Undergrad: 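First the structure, which I've put down as structure tokens, then a few questions once you've had a look.
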There are 2 protein chains.
Amino acid sequence: MARSPTTADAFNAIAERRRRDILDLLARGERSVNQIGAALDLAQPQVSKHLAVLSKVKLVSVRKAGQQRLYRLNADALKPVHDWLKTFERLWNERLDRLDEYLKELQKEKPNDGDT
Amino acid sequence: MARSPTTADAFNAIAERRRRDILDLLARGERSVNQIGAALDLAQPQVSKHLAVLSKVKLVSVRKAGQQRLYRLNADALKPVHDWLKTFERLWNERLDRLDEYLKELQKEKPNDGDT
DNA sequence: TCGATATATTCCGATAAGGGAATATATAGT
DNA sequence: ACTATATATTCCCTTATCGGAATATATCGA
């Protein structure tokens, strides 16, 4: 077996920096292929190819407007990735939580000491 | 150029399903290589190789314990991925927000109508 | 229908992944 | 030093990437 195709799922699709850049850009509204290329300094064929990958995993949708194709972000397709990461949130919050509790302990020892 | 190496960053490293499985497992505590293999039904060399990738991007750390190597999750290395996804959160909350406002509108029109 | 613009597809070359099998290294116990 | 166990590394194979260049397709306007 080889590496999973980039079109296998959102995890593989967003591994590529350029594709994340495209998604970042589309988060601000729909764009044509050439607009994307101009904004990100990418050649047109590469943009089309990246968009094809993003399309296959439903991260973007297309709309015809004359000779242009306007691509739009479909953020829902990122949710599985976000959901997976959420299970780790507590791990990097624990430190902050401990700091929080520590501060609360200080509060108990020295109540109403706000401005001194 | 070819596809970015899996060791380039966390984004590329977590694209592989097995490696996400390993991280899920390590979220519950440190494990030896063979424990991981047993839990996930993976051959030992593949486990070592996946762990090597995860090590290079700092997603795990190792600790010697006799002949064993105990691997531990380093969740901090997932933060960049999580931070990137956070910028999209509002996009999939907007629908819910609109639903929320719609429900509040209903509340105004028909106050205290809870059980009918 | 023809020319121009916008986008998609194809072919190429270089790179590397991931599994399997075999082998190398490390550490413990005797 | 020798054996057994745990882990790492290497080799081979198939597959797929990504960029670049060239080409194909689509749509508009005259």
Side-chain angles (χ1 to χ4, degrees), chain A residues 1-23 25-26 29-73, chain B residues 1-23 25-26 29-73:
Chain A
M1 230 178 262
R3 206 205 296 209
S4 302
T6 55
T7 52
D9 53 41
F11 285 95
N12 283 281
I14 67 170
E16 177 70 17
R17 172 69 98 148
R18 313 289 193 168
R19 283 193 287 267
R20 291 199 300 278
D21 291 342
I22 291 175
L23 294 178
L25 182 60
L26 293 183
E30 64 181 3
R31 299 281 140 97
S32 73
V33 175
N34 274 342
Q35 283 179 322
I36 295 170
L40 303 179
D41 198 40
L42 286 173
Q44 176 268 314
Q46 331 302 334
V47 176
S48 284
K49 281 186 276 189
H50 282 310
L51 287 169
V53 172
L54 295 172
S55 281
K56 264 179 207 143
V57 298
K58 311 283 186 193
L59 274 165
V60 298
S61 57
V62 210
R63 180 169 77 84
K64 287 190 186 178
Q67 4 179 209
Q68 306 188 320
R69 303 294 136 102
L70 298 182
Y71 282 84
R72 172 188 295 274
L73 172 66
Chain B
M1 229 178 265
R3 207 206 294 211
S4 300
T6 55
T7 53
D9 52 41
F11 286 95
N12 282 281
I14 67 170
E16 178 71 16
R17 174 64 93 169
R18 314 287 193 171
R19 284 194 287 265
R20 291 200 301 277
D21 292 342
I22 291 176
L23 295 178
L25 182 60
L26 293 183
E30 64 181 5
R31 300 281 141 98
S32 74
V33 175
N34 274 343
Q35 283 177 321
I36 295 170
L40 303 180
D41 197 41
L42 286 174
Q44 176 268 315
Q46 332 303 332
V47 177
S48 284
K49 281 185 276 189
H50 282 311
L51 287 170
V53 172
L54 294 172
S55 282
K56 264 179 209 144
V57 298
K58 311 283 187 193
L59 274 165
V60 299
S61 58
V62 210
R63 180 168 77 84
K64 288 190 185 178
Q67 3 177 209
Q68 307 187 321
R69 303 295 135 102
L70 299 182
Y71 282 84
R72 173 188 293 274
L73 173 66

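Residue numbers begin at 1 in each chain, while the letters A, B, ... track the order of the sequences. Here the structure is a predicted model, which is why all the values come from computation and not from measurement. Hydrogens, waters and symmetry mates are skipped; everything else that's a heavy atom, side chains included, is used.
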Undergrad: Could one point to a donor on the side chain of Gln46(A) or the base of dG20(D) with an acceptor on the other under 3.5 Å away?
TA: yes
Undergrad: Is there side-chain contact between Ile36(B) and Leu51(B), with at least one heavy-atom pair below 4.5 Å?
TA: yes
Undergrad: Could you tell me how far apart Lys56(B) (NZ) and dA8(D) (C1') are, to the nearest whole angstrom?
TA: 12 Å
Undergrad: Can any side-chain N or O of Asn12(B) pair as donor or acceptor with the backbone N or O of Ala15(B) at less than 3.5 Å?
TA: no
Undergrad: How many whole angstroms separate atom CG of Leu51(B) from atom P of dT7(D)?
TA: 10 Å
Undergrad: Base, sugar-phosphate, or nothing for Thr6(B), non-hydrogen atoms under 4.0 angstrom?
TA: sugar-phosphate
Undergrad: State which of dT7(C), dA17(C), dT10(D) makes the closest approach to the side chain of Ala2(A).
TA: dA17(C)
Undergrad: Whole angstrom is fine here: how far is it from CD1 in Ile22(B) over to C1' in dT7(D)?
TA: 14 Å
Undergrad: Evaluate the side chain to side chain contact (heavy atoms under 4.5 Å, CB included) criterion for residues Arg3(A) and Arg3(B): first the C-alpha distance (whole Å), next the side-chain angles of each, then the deciding distance (0.1 Å), finally the verdict.
TA: CA-CA 10 Å; Arg3(A) 206 205 296 209; Arg3(B) 207 206 294 211; 3.1 Å; yes
Undergrad: Quick one: is His50(B) getting a side-chain N or O under 4.0 Å of the dA17(C) phosphate, OP1 or OP2?
TA: no
Undergrad: What about Gln44(B), does its side chain sit under 3.5 Å from the base of dA8(D) through a donor-acceptor pair?
TA: yes
Undergrad: Would you say dT7(D) has OP1 or OP2 under 4.0 Å from some side-chain N or O of Asn34(B)?
TA: yes
Undergrad: Is Lys64(B) near enough to dT27(C) that one of its side-chain N or O atoms lies under 4.0 angstrom from OP1 or OP2?
TA: yes
Undergrad: Where the side chain of Thr7(A) is concerned, which of dA8(D), dA8(C), dT17(D) is the nearest nucleotide?
TA: dT17(D)
Undergrad: Using the side-chain hydrogen bond (donor to acceptor under 3.5 Å, both in side chains) rule, collect all pairs that involve residues 56-71 of chain A, keeping only residues at least two apart or in two chains.
TA: Glu30(A)-Arg63(A)
Undergrad: Find the distance Arg31(B):CZ to dT7(D):C1' and express it as a whole number of Å.
TA: 18 Å
Undergrad: Establish whether the base of dT5(D) is bridged to the side chain of Gln67(B) by a donor-acceptor pair shorter than 3.5 Å.
TA: yes
Undergrad: Arg3(A) side chain N/O closer than 4.0 Å to the phosphate oxygens (OP1, OP2) of dG19(C)?
TA: no
Undergrad: Please check the phosphate of dG18(C) (OP1 and OP2 only) for any side-chain N or O of Arg17(B) closer than 4.0 Å.
TA: no
Undergrad: Side chain of Arg18(B): nearest nucleotide among dA21(C), dG19(C), dA6(D)?
TA: dG19(C)
Undergrad: Given that Tyr71(B) and Val53(A) both sit by DNA chain D, which one's nearest nucleotide is further toward the 5' end?
TA: Tyr71(B)
Undergrad: Can you work out whether Ser32(B) or Arg19(A) has the more 5'-proximal nearest nucleotide on DNA chain D?
TA: Ser32(B)
Undergrad: Once you round it to whole Å, what is the distance between P of dG18(C) and CG of Asn12(B)?
TA: 10 Å
Undergrad: Can you check side chain to side chain contact (heavy atoms under 4.5 Å, CB included) on Ile14(B) and Leu59(B), steps first, answer last?
TA: CA-CA 9 Å; Ile14(B) 67 170; Leu59(B) 274 165; 3.9 Å; yes
Undergrad: Between dG18(C) atom P and Leu42(B) atom CG, what is the distance in whole Å?
TA: 12 Å
Undergrad: Would you kindly give the CG-to-C1' distance between Leu70(B) and dA8(D), to the nearest whole Å?
TA: 16 Å
Undergrad: Compare all side-chain heavy atoms of Glu16(A) with those of Thr6(A) and state whether any distance is below 4.5 angstrom.
TA: no
Undergrad: Measure the distance from CD on Glu30(B) to C1' on dA6(D) and round it to the nearest whole Å.
TA: 16 Å
